[in-house]
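The structure appears right after this line, and notes come after that.
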Amino acid sequence: MPNVIPAGADLNDPLYYLSNARTLINWVRERHGDLLTQTELYRLDCFDSLPEQAQALLIRMVMRRGELFRSDQLQYAELSAPLPLLRLLADAGFVLLDPALTVEELASLLCKSELWQVCHRLNPDAPPSKQSRKHDLVTWITQTDHGARTLEDWLPDAGFDAVSLEVSPLMQRLQLMFFGNLHQDWSAFVVTELGHQLYEPVPLDSASRAFHQRSDVDLYLALHTLQQRLEQGEPLNDILTELPACGSTPWLENRRRKLMFALGQAFERAGQLSQARTLYAQNPHREARIRQLRLMERMDLPEATFEAASASLEAIQQPEARLRIHRIRVRSARKAGISIEPPRQPVISTHRLSLPLEANESVEQAVIAHLATQGIQAFHVENRLFTGLFALLYWPAIFAPVPGAFFHPFQAGPADLYRPEFQASRQALIDACTAQLETGGYRATILARLAQKQNIRCHLIHWPSLTEERVNACLTLVPAEHLKQVFLHMMKDLRYHRRGLPDLICFDWQARRYQLIEVKGPGDRLQDHQRLWLECFQAQGIPASVYQIQHEQTE
DNA sequence: CCGCGGTGGG
DNA sequence: TTCACACAGTCCT
DNA sequence: GACTGTGTGTCTCCCACCGCGGGA
Ligand SMILES: [Mn+2]
Ligand SMILES: [Mn+2]
């Protein structure tokens, strides 16, 4: 399997960013060429045939925030004057010179004093105060004259030109096809080249790619725009009518369901409960099932809610969701006068403790200080220690070149890390790592990887929390059998079981024992996933308990 | 005048 | 800028 | 007791710079 990881451009090259952009574009053309239209391929060819300096300026704009720029802020030491380059780009249709601007767009381009000049031109006799806030100037202009005009119209003597980028959709599509997401961007190249981010090298063959059908890319992009429109507060019914149909792969369909769920919640907040219910009803996503039951509980007869909750319990395996549905079932049964078997709820071992709580110090720190007086070493680690140890032990499985899991050089984990098939796709590797907990090899493995893999990005590792001291302490005082039980439980559902681990891990070096403590201050209570972990610990004989802290009565 | 949040850049 | 956690306010029994 | 919404840190690099807005 040829390793075709592209080298980031040499940063001594003044056009290093253009070189990186070409790497990305060519990568997508080679692997995803069949997912691009003839028009898109033609535009990329046009880009190639532009003079190098014009290409570079375009990439500078693509990498910057927004789609509107002023020519005086496009001056780069490594490039010639922007205007002639911009004209080349405009001739090729990549940018638009002097575009029509809304008032908001105008304001994003101008600084406050320039914006005041615009006001002054509109009404020289009664301009607003120069002390007005920028946003007030915007509203002032809107009230006086709202209409999109070009910068030439708004402020002819501005002293610079406005330019808009006309290739964002294509560039966003390329970015998505390369990274498989839209939160990583071009800066990944330079940040990696600088050594600020490290990534595990995973062999990629030329068939590795994030998408396999153009319609999948389209769906991802459509969902993303709808998501943004939802966040911006657009009318919910507009978004509802544009919801795309079912996705072709489970992970895309899951993204669609998450958006449907978010839209349903927005309807709920807006008081449009029937719209919300319709959305939830079509949505098999766990969260949606629960919200639907909650709405039924509020709106329907308790008998109906009881039946629906009972049916959901048959279908849903995820323990946290089951816990919430179970409570709904119990409540509606009581309301409907249905008698059901009382739930078995294990009692969680709880200790009450009075401590002097300082205002500027967390309650967890107070407990750590208290334990220190008893010669016990405690760390506030929450999820970060066990998930980190898990990742160190199972590293070869996590970063195994499973087909489809890795498709670009900047991944902090496989694409399917939180998907149900993760375990099955790597079973042999996982078993080999687990076996080390039985043969005893795990200690050396984990310590070696802690050193070897230091600072390599991994979704399950928070490096600052994973100090050698803590790892050593864990490997010394936590029995292998306990680690195994914890890891097997995490493996069942990495997405949900990486949350809810107790606040503190405590090491008693005299007694050579350890324990886990979930700290609860006054007015804080166990969350469902925290309770589930504590139940798991108790069932496995792992020492874990809740410390309920009260303010110490002074005198 | 200065703190800040946002942005650009390697 | 998401995500996990804590915390505060509300309703209900 | 349970549900809900909100606040907080944040550890997706890290430094320099700029404009805004407010109060030293
Ligand atoms: Mn905590
Ligand atoms: Mn806690």
Side-chain angles (χ1 to χ4, degrees), chain A residues 8-17 20 59-66 69 73-78 107-116 130-137 179 181-199 227-228 231 258 262 265 268-269 290-291 293-295 297-298 320 323-324 326-328 330-331 334-335 345 362-364 380-384 387-388 410-413 418 455 457-459 461-467 495-503 518-531 549:
Chain A
D10 177 5
L11 294 179
N12 293 320
D13 175 3
L15 297 184
Y16 73 90
Y17 52 92
N20 288 335
I59 296 303
R60 281 289 196 189
M61 287 191 279
V62 168
M63 293 197 306
R64 280 171 58 168
R65 149 169 286 266
F69 303 92
Q73 286 174 357
L74 290 173
Q75 290 170 332
Y76 290 95
E78 76 280 8
S108 74
L109 219 45
L110 301 185
C111 73
K112 204 169 85 173
S113 65
E114 291 164 337
L115 198 60
W116 186 87
K130 283 199 174 188
Q131 270 75 46
S132 310
R133 283 176 305 188
K134 198 175 178 183
H135 181 257
D136 295 334
L137 294 181
F179 289 110
N181 62 61
L182 286 173
H183 51 262
Q184 286 179 287
D185 59 30
W186 316 74
S187 68
F189 283 89
V190 66
V191 173
T192 304
E193 189 66 20
L194 283 165
H196 286 132
Q197 282 174 183
L198 298 175
Y199 292 93
Q227 178 85 47
Q228 288 194 319
E231 281 158 14
K258 276 191 190 161
Q265 282 209 300
E268 242 188 290
R269 267 190 283 272
I290 293 169
R291 286 310 308 161
L293 291 172
R294 285 287 299 132
L295 286 184
E297 198 181 7
R298 286 166 58 186
E320 196 180 330
L323 210 52
R324 295 170 64 183
H326 194 246
R327 283 197 293 264
I328 294 172
V330 168
R331 281 197 302 267
R334 189 178 304 136
K335 263 193 190 164
Q345 267 214 349
S362 72
V363 61
E364 290 86 358
H380 187 197
V381 293
E382 287 181 340
N383 308 317
R384 300 183 292 262
T387 50
F410 310 108
Q411 285 181 244
Y418 297 130
N455 293 328
R457 293 202 46 200
C458 171
H459 289 312
I461 297 184
H462 181 251
W463 287 108
S465 302
L466 208 57
T467 63
R495 181 187 291 283
Y496 286 95
H497 294 178
R498 100 203 123 126
R499 301 148 54 225
L501 283 145
D503 288 313
E518 172 55 43
V519 177
K520 286 299 170 199
D524 183 19
R525 301 155 37 89
L526 270 188
Q527 296 172 38
D528 288 341
H529 54 289
Q530 294 174 331
R531 152 172 285 274
I549 310 301

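Chain letters run A, B, ... following the sequence lines, proteins first and then strands; every chain starts at 1.
Relative to the side chain of A/Val191, the nucleotides D/dC3, D/dG21, B/dG10 differ in distance, and B/dG10 lies closest. Set against D/dT12, D/dC13, D/dT4, the side chain of A/Arg294 has D/dT4 as its closest nucleotide. Across D/dG21, D/dG19, D/dT4, the shortest atom-to-atom separation from the side chain of A/Arg291 is found for D/dT4. Nearest to the side-chain atoms of A/Leu194 among the listed nucleotides D/dG21, B/dG10, D/dT4 stands B/dG10.
At least one donor-acceptor pair closer than 3.5 Å links the side chain of A/Asn181 to the backbone N or O of A/Gln184. No donor-acceptor pair closer than 3.5 Å links the side chain of A/Lys112 to the backbone N or O of A/Ala107. In this structure, A/Asp528 contributes its side chain and A/Glu320 its backbone to no donor-acceptor pair below 3.5 Å. With A/Asp185 contributing its side chain and A/Met63 its backbone, the two residues share no donor-acceptor pair below 3.5 Å. At least one donor-acceptor pair under 3.5 Å links the side chain of A/Arg498 to the backbone N or O of A/Arg495.
Separation of the P atoms belonging to C/dT2 and D/dC3 is 26 Å when rounded to the nearest angstrom. With both ends at atom P, the span from B/dG6 to C/dT1 equals 9 Å, rounded to whole Å. Nucleotides D/dT10 and B/dG5 have their C1' atoms positioned 16 Å apart, rounded to a whole Å. Comparing D/dC11 with D/dC15, their P atoms sit 13 Å apart, to the nearest whole Å. Separating the C1' atom of B/dG3 from that of C/dC5 is a span of 29 Å, rounded to the nearest Å. To the nearest whole angstrom, the two P atoms, one in D/dT12 and one in B/dC1, are 39 Å apart.
Rounded to a whole Å, the CD atom of A/Glu268 is 14 Å from the P atom of D/dC3. Between the CD atom of A/Gln197 and the C1' atom of D/dT12 there is a distance of 6 Å, given to the nearest Å. Going from atom CZ of A/Arg327 over to atom P of C/dC12 covers 18 Å, rounded to whole Å. If you measure from atom CZ of A/Phe410 to atom P of D/dC13, you get 15 Å, rounded to the nearest angstrom. When rounded to the nearest whole Å, the span between CD of A/Glu193 and C1' of B/dG9 equals 15 Å. Atom CZ in A/Phe189 sits roughly 18 Å away from atom P in D/dC13 (whole-Å rounding).
Applying the side-chain hydrogen bond (donor to acceptor under 3.5 Å, both in side chains) rule to A/Arg324 yields no partners; only residues at least two apart in sequence or on another chain are considered.
Closest-nucleotide positions on DNA chain D for A/Arg133 and A/Gln345 were compared, and the one nearer the 5' end corresponds to A/Gln345. Positionally, the nearest nucleotide of DNA chain D for A/His196 lies more toward the 5' end than for the other of A/His196 and A/Gln73.
Remark: D/dT12 base-pairs with no nucleotide; criterion is Watson-Crick or G-U wobble with both hydrogen-bond distances under 3.5 Å. Look at D/dG19: its Watson-Crick or wobble partner, with both distances under 3.5 angstrom, is B/dC4.
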Under a 4.0 Å heavy-atom criterion, the protein footprint on nucleotides 1-6 of chain C, written with B, S and -, is ---SSB

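OP1 or OP2 of B/dG8 lies within a sub-4.0 Å distance of a side-chain N or O belonging to A/Arg64. Taking only side-chain nitrogens and oxygens, A/Lys134 comes nearer than 4.0 Å to OP1 or OP2 of D/dC20. At least one side-chain nitrogen or oxygen of A/Arg60 sits closer than 4.0 Å to the OP1 or OP2 atom of B/dG10.
Distance SG/A/Cys458 to CG/A/Leu198: 13.0 Å, rounded to 0.5 Å.
Judged by distance alone with a 3.5 Å cut-off, a donor-acceptor contact links the side chain of A/Arg457 to the base of D/dT12.
Here A/Tyr16 lies in heavy-atom contact (under 4.0 Å) with a base. Among the atoms of the strands shown, only primed sugar atoms or phosphate atoms (P, OP1, OP2) are found under 4.0 Å from some heavy atom of A/Tyr76.
Salt bridge status for A/Glu297 with A/Arg291: absent, with no side-chain N to carboxylate O gap under 4.0 Å.
Within 6.0 Å of atom CZ in A/Arg64, more than 12 heavy atoms from other residues, nucleotides or ligands are found, so the atom counts as buried in its surroundings.
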